Each structure stands twice: as structure tokens, then as C-alpha cells.
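Encoded as C-alpha cells, the structure appears first; notes follow it.
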Amino acid sequence: MDRIRIRGGAPLTGSIPISGAKNAALPLMIASLLTEETLELGNVPRLADISSLLRIMSNFGVDHMIAGRRPGQTIETGQTIRLTARSVIDTCAPYELVSTMRASFWVIAPLLARFGHAKVSMPGGCAIGTRPVDLLIMALAKLGAAIEIDGGYVVATAAKGLKGAEIDFPKVTVGGTHVALMAATLAEGTTVIRNAAREPEVVDLAECLIKMGAKIQGAGTSEIVIEGVSRLGGATHEVLPDRIETGTYAMAVAMTGGDIVLENTRSELLQFALDVLGQAGADVTPTLGGIRVRRNGNGIQPVDVTTDPFPGFPTDLQAQFMALMTRAGGTSRIRETIFENRFMHVQELARLGAKIRLDGDSAYVEGVPTLKGAPVMATDLRASVSLVIGGLVAEGETTINRVYHLDRGFEALETKLARCGAEIERLRG
Ligand SMILES: CC(=O)N[C@H]1[C@@H](OP(=O)(O)OP(=O)(O)OC[C@H]2O[C@@H](n3ccc(=O)[nH]c3=O)[C@H](O)[C@@H]2O)O[C@H](CO)[C@@H](O)[C@@H]1O
Ligand SMILES: C=C(OP(=O)(O)O)C(=O)O
């Protein structure tokens, strides 16, 4: 299994190209199942999760073509994928393929909406809590699907097609909103989704669906109204920049010092997190097509944060922010309100010398003057990258094991960081 070795201490200087968002690319690829025409997606990141989803789509009979590096690119990031779901030969997504990745469950929505049936294994994904799919099932049931759970599979049928409905989510769910949105585009009549997720990835999906001919209003607000249409067509769409990758590198430079321009990204995608970073001692300024981040000269300040659905502080940046706070000049409280078990990085950060106390949904992080390199183990995607951030300033050598978690969500991580001066390399095998 590959490992990442980091020798800490080097500031980050230069520029980092931000990739397309994994969490937008996945539902966009899934949306191709809604039409027999071709959906062309640009700026798709090269990630293990994308390859896993392509395997699932191929299993359904979806054709895909991948175009390579774009002119002018200095490192291999981004790709264009053309997906054509003309002849879908199977509407079952098996356990072996779905169990590694949460988002793959969402195929249930377009399969059901277009073909009237779908059988999809209960999902996997990062081990950060129980992560039920009850609300996704509730949404499909509201749209008229009959749902059965059979041998670990969700079997959904709607022989006469889906019917528009009012869907009130009792809590904000990104996956639930994606599923309801995709299913409702081909349902007969009007669907209203209330307490919808407002994440930029939901807006990106809605914008692509609109290009495909869907009638959607209100994406990005907590009420989305969809007027069903009888068919959708092909479209061309660019995946939006990855706000979590953006925030991760912003936190890395706040940790190491230096001066970085994050290219091809937008501050409004993560304004809350950037404001918090400003309070923590980073100078964050929008540039033409990107964001410049450097330390403001006052060291790292402790800041309390609570994770919340968009536009709040993202749970997917919680671990990275905790890594930063381990070096703050005081104690911070970090509250996790989205997932009940998303503190797996705490014990690994402790191996580097971090002082963190857990109490219910909160972590109290007492900043220490130095971290020391150690072998650590990645436990999930964002936890893994928090260890990279710790390793970048830890004295001596940090080796991160189980790098396959990182490969799920960070494109060319070690290349991007090494180009900015970090001493980081992948050890293969
Ligand atoms: C591929 C992708 O985009 N993953 C993101 C997505 O995950 P995902 O879509 O799985 O997360 P949700 O927004 O659905 O989950 C939010 C909360 O709702 C709960 N819930 C969800 C569905 C359900 O049927 N029942 C239920 O109780 C979850 O357990 C969690 O406590 O949004 C999360 C929250 O921003 C991010 O951390 C993940 O990176
Ligand atoms: C939790 C994440 O992914 P998934 O929902 O696929 O587990 C994530 O992207 O941080």
C-alpha cells in the first residue's frame, strides 16, 4: 500500500491549481443516466472515486470517453468525460461496486425516474457516522416509488412513472437533495423540495440539469421547485471548483507560512471558512480567477468553530481546521454537528504531539508550540489530509499510511504541494 512521507518545516510558496469538485462531479456523472443523449463534463478531477463511479456506470451499459490533458496545463489535472447512457442494460448497482462510495447510491434516482425500477446496494463511503439513507428513500417514496429493502439492497419501482410531490426534509441532506432533484426532473407535475441543501454542488447539478432541459427554480435556496418534463437531452458542463480542496490548501499555508495563490477557484464557495481563517491569522485576498493566502504576521490565533450546512463552516474542512488549531496560541473549541463520529483524526494528530480533548460533539484543541513527525494512519478522506497539514510543520519525518483515502478526493496532492516547496513524496508499494 502506498504511503506519503513528509519532512516538515518548509513554507508553501507559489501557486496551486484547484481541481474540479469531487462532490459535484459525482452527481453530475450520475445525471447522465437521465438521458439517452451525451453529457460532456469538463474539469472532472482524476480521483479514485471518479474511476469507481465510471466502473458502476459501465456496468449499467453507459459508454464513456475520456479526453486527456488540456493545452497549457503544467501538471496533469482535470479531464473531460463524455457519458452516453443510450442503451442501459442493467438497473442494478451491486454491493461490490457501491460499498466503497456513498455517492454511488444516488444512481437510484435517475434509474428509477427514467426506467421505472432500480436495485441499488446500501452505500459505503467515509466511516464518519451511521449515514442512513432513510431521507433519500422518503423522498423517492413521496414521488410515488414503491420501496423494499431486500438483502442489503434498496429496490425501488414506479411502473407508471414518478409523480411530482412536496418533499419536506426534516434535516438538511446533500444526498437527499441531489436524489430528489434528479428524480423530480422526469416526474409528472410539480415537485417542491423544502429545507433543501444549499451547497454549491447542488446548484452545479441544477445548472447542468437545466442545460439538459429540466425546469428548476430556487437551487441554492432552501426551497427548490421542479416542473417535471417528459425527457432530457445532452449538454456540456464544467464542474465547479472544489471548495474543500481550496480550503484545505488555504489552511495548509496558514499552517506553514509562505504565500500561495490558489488558482481556478472562487472565494464565495467557502466564504465562511475563509473568514474563520482570517480570524485565525491568515490574510486572504481574492485575485483574478483565484485566492491569495498568506499569514498576517500575528501567528496562529485560536478560533471556535461549529460545522453547519452551507453557507456555514463545512464539516469536510473540520479535520483540516483542527490540524491548524493544534499550533494556535491558545485553546479552540471545534463542534461537529453534521456527523456523529467525525473525530477519528484526533488520535492520529495526537501522535504528532497535538493536545486535543474530546467531549461529546466538541473537540477542545490546546495549541502547542511544536509538532513532531511520526508514523500516522489515515482513517478517512478529510482526516487523512489533516495529517498532511500536521506533517507539513512537524519536526522531522511524518509517514502517512493508507493513502488510498487521500486518493479518493485529492488530485495530485503531493505534486501540487511539492511544487510549492513542501518536502513530500509518495512511497509506492
Ligand atoms: C459525495 C458527497 O457529496 N458527500 C458529501 C455529502 O454527504 P451526504 O450527502 O452523505 O451527507 P448528508 O448531507 O446527506 O448528511 C447530513 C446529515 O444527514 C444525515 N442523513 C442523511 C441522509 C439520510 O437519509 N438520513 C440522514 O439522517 C446524515 O447522517 C448526516 O448526519 O454531504 C456531506 C455534508 O456536507 C459531506 O460531508 C460529504 O462530503
Ligand atoms: C465524506 C466525504 O465523502 P463521501 O460522502 O463520499 O464519504 C467527503 O468528501 O469528505
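Just so it is clear, the structure is predicted and the values come from calculations on it, not from any experiment. All values below come from the heavy atoms of this structure, side chains included, with hydrogens, waters and symmetry mates left out. First listed ligand is number 1; within each ligand, the first listed atom is number 1.
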Restricting to non-hydrogen atoms, name the atom on Met101 and the atom on Ser52 that form the minimum distance, rounded to 0.1 Å.
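Taking every non-hydrogen atom into account, CE-CB, 4.1 Å.
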Any non-hydrogen atom of Arg382 lying under 4.0 Å from ligand 2?
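Heavy atoms of Arg382 do come under 4.0 Å of ligand 2.
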May I ask whether His405 places a heavy atom under 4.0 Å from ligand 2?
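It does not; every heavy atom stays at 4.0 Å or beyond.
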List ligand 2 atoms under 4.0 Å from Arg342, heavy atoms only on the residue side.
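That gives atoms 1 (C), 10 (O) of ligand 2.
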Could you list the atoms of ligand 2 found under 4.0 angstrom from a heavy atom of Arg131?
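Under 4.0 Å from Arg131, ligand 2 has these atoms: 4 (P), 5 (O), 7 (O).
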Contact residues of ligand 1 (heavy atom under 4.0 Å), by chain and number:
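Within the 4.0 Å shell of ligand 1, which is judged on heavy atoms, sit Asn23, Arg102, Ala103, Trp106, Arg131, Pro132, Val133, Asp134, Leu135, Leu136, Lys171, Val172, Thr173, Val174, Gly175, Thr315, Asp316, Ile338, Phe339, Arg342.
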Report yes if the side chains of Ser384 and Val403 come closer than 4.5 Å at any heavy-atom pair, otherwise no.
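With C-beta onward as the side chain, the pair stays apart.
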Walk me through it: do Leu387 and Leu349 pass the test side chain to side chain contact (heavy atoms under 4.5 Å, CB included)?
CA-CA 7 Å; Leu387 299 171; Leu349 287 169; 4.0 Å; yes
Quick one: which residue pairs count as a side-chain hydrogen bond (donor to acceptor under 3.5 Å, both in side chains) with a foot in residues 109-123, not counting sequence neighbours?
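Sorted pair list: Thr91-His117.
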Any residue meeting side-chain hydrogen bond (donor to acceptor under 3.5 Å, both in side chains) with Thr236, in chain and number order, not counting sequence neighbours:
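Here no residue qualifies.
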Ala197 backbone acceptor or donor facing Thr177 side chain under 3.5 Å:
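Indeed, once roles are kept as given, a pair shorter than 3.5 Å links the two residues.
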Answer yes or no: is there a donor N or O on one side and an acceptor on the other, between the side chain of Glu199 and the main chain of Val202, under 3.5 Å?
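Side chain of Glu199 to backbone of Val202, a donor-acceptor pair under 3.5 Å: no, none is there.
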Taking non-hydrogen atoms only, is Arg408 closer than 4.0 angstrom to ligand 2 via side chain, backbone, both or neither?
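Looking at Arg408 and ligand 2, just side chain atoms fall under 4.0 Å.
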Side chain, backbone, both or neither: which part of Asp380 comes within less than 4.0 Å of ligand 2 when only heavy atoms are counted?
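Neither; nothing of Asp380 gets under 4.0 Å from ligand 2.
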Between Arg198 and Phe310, is NZ or CZ placed under 6.0 angstrom from the six-membered ring centre and within 45° of the ring axis?
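Not satisfied by the 6.0 Å and 45° rule.
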Can you tell me which residue pairs pass the ring-ring contact (aromatic ring centres under 6.0 Å, His included) test with a partner in residues 173-218, sequence neighbours excluded?
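For residues 173-218: Trp106-His178.
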